[in-house]
Amino acid sequence: MQASNAAKFSAGSFLPVIEQCNGCERIVEVEGGQFCDTYMNPAAKWRLGICNFATHAKPDVKVVKIRVNPLKAAKRASRRK
């Protein structure tokens with residue numbers, strides 16, 4: 001790591017990582033502290049749910065099957081031809 005990057009983290013502009021960030025590949029250890037190299041305030045990214053930069057956590061994707069009326073589907077298909 002370059003010295004300019006270390007100064008950026010130690011200057012106080014970046015806040016330390018929080019508990020939910022443990023295991024993420026974006027964590028950088030500088031001068032005894034752990035910081036996210038992508039986002040300045042990691043706690044703000046976790047406030048509304050999962051962090052979109054997290055490499056260790058994946059969002060739960062819910063697949064919802066929609067019931068389609070077969071008569072309407074046939075009419076739509078016949079219009080396209």
Side-chain angles (χ1 to χ4, degrees):
M1 180 170 282
Q2 299 173 351
S4 63
N5 286 343
K8 177 175 67 171
F9 288 113
S10 64
S13 59
F14 278 73
L15 297 175
V17 295
I18 59 174
E19 186 177 328
Q20 288 99 338
C21 294
N22 290 337
C24 185
E25 295 175 3
R26 299 180 192 273
I27 294 177
V28 177
E29 209 164 314
V30 178
E31 298 176 5
Q34 291 184 333
F35 302 95
C36 178
D37 68 345
T38 307
Y39 201 69
M40 295 174 74
N41 186 3
K45 296 304 281 182
W46 289 95
R47 189 176 306 136
L48 297 176
I50 193 167
C51 174
N52 61 331
F53 293 124
T55 58
H56 64 293
K58 300 295 176 199
D60 294 333
V61 178
K62 296 179 183 178
V63 178
V64 178
K65 189 172 182 178
I66 300 173
R67 186 168 176 255
V68 178
N69 186 342
L71 293 175
K72 288 186 178 181
K75 284 183 181 180
R76 285 189 199 119
S78 68
R79 275 191 275 168
R80 291 185 200 154
K81 290 182 181 181

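- Distance CZ/R26 to CZ/F53: 6.5 Å, rounded to 0.5 Å.
- Between atom CD of residue Q20 and atom CZ of residue R47 there is a gap of 11.5 Å, rounded to the nearest 0.5 Å.
- Minimum interatomic distance between T55 and E25 (heavy atoms only, all atoms of both residues): OG1-N, 2.8 Å.
- Annotation for G23 and H56: closest pair O-CB, 3.4 Å, computed over non-hydrogen atoms.
- In terms of heavy-atom proximity, C36 sits nearest to P42 at CB-CG, 4.1 Å.
- Atoms CD1 and CD, on I18 and Q34 in that order, are 12.5 Å from each other to the nearest 0.5 Å.
- One finds the SG atom of C21 at 6.0 Å from the CH2 atom of W46 (value rounded to the nearest 0.5 Å).
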